[in-house]
Amino acid sequence: CEPTQGLILLGGLSPHYQWDDEAVLEQVASIVKTCPEGRFVLSDSRRTPIGLMEKLASRRLANLALVPHQQTAPGWVQQQLGLSHSVWVSEDSVSMVYEAITSGAAVGLISLPVSHSGRISKGIKQLIEEAWLTPYAQWKKTGVLTHPPGAFNEASRCADWLVDQWL
């Protein structure tokens, strides 16, 4: 563990994954406790079940700052991504997963059971296979949060595709 800032971003209820408060709470606590000299900032989203932040607060994790999404200004996530050496994202939140990967930080997945196998879960699986993401269970076994294999810039890739197709 590196004594730097880690960011934890939680999504919530989704048709693609089965949300489980207790599993999420246990994973977050394990991540934070494994690096007591580190500092973690956690934010939720509009989809996070009501009461989860209170449950996290009751665990009294000294190195975890809770920032409810209602208290974040525009650009807050991007700012925190820029400050963070590692980022953990709940598996249901694909947009936050891609934002985290794009930041260049090592990205871990807070794992949730798949409830609907489709392009969302298959996309996450492919990112894991290509070593862009480290699932919680893998991190728990190895203690290693894999750094991304390269630069991930979807905006640039899309712009290049448009230029190739239309110009």
Side-chain angles (χ1 to χ4, degrees), residues 1 6-35 38 40-59 61 64 66-70 72 76-78 80-81 84-155 157-158 161:
C1 146
L7 179 63
I8 302 172
L9 300 170
L10 300 180
L13 304 176
S14 155
H16 306 285
Y17 291 90
Q18 297 171 21
W19 187 266
D20 179 345
D21 275 5
E22 286 309 311
V24 170
L25 292 168
E26 286 304 315
Q27 290 176 68
V28 169
S30 174
I31 292 161
V32 171
K33 287 177 180 177
T34 300
C35 189
F40 292 87
V41 175
L42 180 146
S43 189
D44 61 354
S45 74
R46 293 182 314 273
R47 293 185 299 106
T48 305
I50 294 170
L52 185 76
M53 292 294 266
E54 290 78 15
K55 290 176 185 176
L56 275 167
S58 73
R59 294 200 173 211
L61 299 164
L64 178 64
L66 301 176
V67 183
H69 72 276
Q70 300 93 329
T72 62
W76 183 88
V77 170
Q78 288 74 24
Q80 295 303 309
L81 286 168
S84 301
H85 179 266
S86 63
V87 182
W88 286 88
V89 183
S90 60
E91 194 168 351
D92 63 286
S93 190
V94 176
S95 61
M96 288 192 286
V97 165
Y98 278 97
E99 285 184 62
I101 293 171
T102 302
S103 78
V107 181
L109 276 183
I110 295 173
S111 299
L112 297 166
V114 174
S115 62
H116 171 72
S117 182
R119 71 176 176 82
I120 301 291
S121 59
K122 288 177 183 171
I124 294 291
K125 183 178 179 191
Q126 182 177 354
L127 290 170
I128 292 168
E129 289 169 355
E130 294 173 0
W132 291 98
L133 302 171
T134 305
Y136 174 80
Q138 178 183 329
W139 170 81
K140 193 71 175 158
K141 280 184 202 171
T142 65
V144 175
L145 193 58
T146 308
H147 286 276
F152 195 91
N153 188 336
E154 279 298 278
R157 187 186 67 79
C158 291
W161 181 84

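Owing to the predicted nature of the structure, the values given are computational and were not obtained by experimental measurement.
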Please examine the side chains of Trp19 and Ser14, heavy atoms only from C-beta on, and report whether any two atoms are closer than 4.5 Å.
no
Any Thr72 side-chain heavy atom under 4.5 Å of Val67 side chain
yes
First locate atom CG of Leu10, then atom OG of Ser93, and finally report the distance between them rounded to the nearest 0.5 Å.
9.0 Å
Kindly give the heavy-atom pair with the smallest separation between His116 and Ser121, and that separation in Å.
O-OG, 3.7 Å
Minimum heavy-atom distance Pro49-Asp21, with the two atoms named:
CG-OD1, 3.7 Å
May I ask you to decide if Ser111's main-chain N or O and Gln27's side chain share a donor-acceptor pair within less than 3.5 Å?
yes
Are the side chain of Thr48 and the backbone N or O of Gly11 linked by a donor-acceptor pair below 3.5 Å?
yes
Please tell me whether Lys140 and Ser30 have a donor and an acceptor in their side chains that are separated by less than 3.5 angstrom.
yes
Ignoring hydrogens, what is the shortest heavy-atom contact between Cys35 and Phe40? Give both atom names and the distance.
O-CE1, 3.9 Å
Interatomic distance, CG@Asp44 vs CG@Leu52, rounded to 0.5 Å, equals 7.5 Å
Distance from Leu56 atom CG to Leu25 atom CG, nearest 0.5 Å?
5.0 Å
Between Trp132 and Val97, does a side chain to side chain contact (heavy atoms under 4.5 Å, CB included) hold up when you go through it step by step?
CA-CA 10 Å; Trp132 291 98; Val97 165; over 6 Å; no
If you count heavy atoms of other groups shown closer than 6.0 angstrom to CD of Glu130, is the number above 12?
yes
To the nearest 0.5 Å, what is the distance between CE (Met53) and CD1 (Ile50)?
13.0 Å
What heavy-atom pair brings Val87 and Ala100 nearest, and what distance separates the two atoms?
CG1-CB, 3.7 Å
Any salt bridge between Glu26 and Lys33, counting N to O under 4.0 Å?
no
Only one of Leu109, Val28, Leu9, Leu145 clears side-chain contact (heavy atoms from CB on, under 4.5 Å) with Trp88; which?
Leu145
CG-CH2 distance between Leu81 and Trp76, expressed to the nearest 0.5 angstrom
8.5 Å
Which heavy atom of Ser115 sits nearest a heavy atom of Tyr17, and at what distance?
OG-N, 3.3 Å
Would the distance check show the side chain of Thr134 and the main-chain N or O of Thr146 forming a donor-acceptor pair, the cut-off being under 3.5 Å?
yes
Passes side chain to side chain contact (heavy atoms under 4.5 Å, CB included), Val107 versus Leu127? Steps please.
CA-CA 11 Å; Val107 181; Leu127 290 170; over 6 Å; no
On the 0 to 90° scale, with breaks at 30° and 60°, tag the His147-His85 ring pair as parallel, tilted or perpendicular.
perpendicular
Gly12 backbone acceptor or donor facing Asp92 side chain under 3.5 Å:
yes
Distance (rounded to the nearest 0.5 Å) between Glu91 CD and Leu133 CG
8.5 Å
Can you give me the closest heavy-atom contact between Pro68 and Ser43, atom names plus distance?
C-OG, 4.0 Å
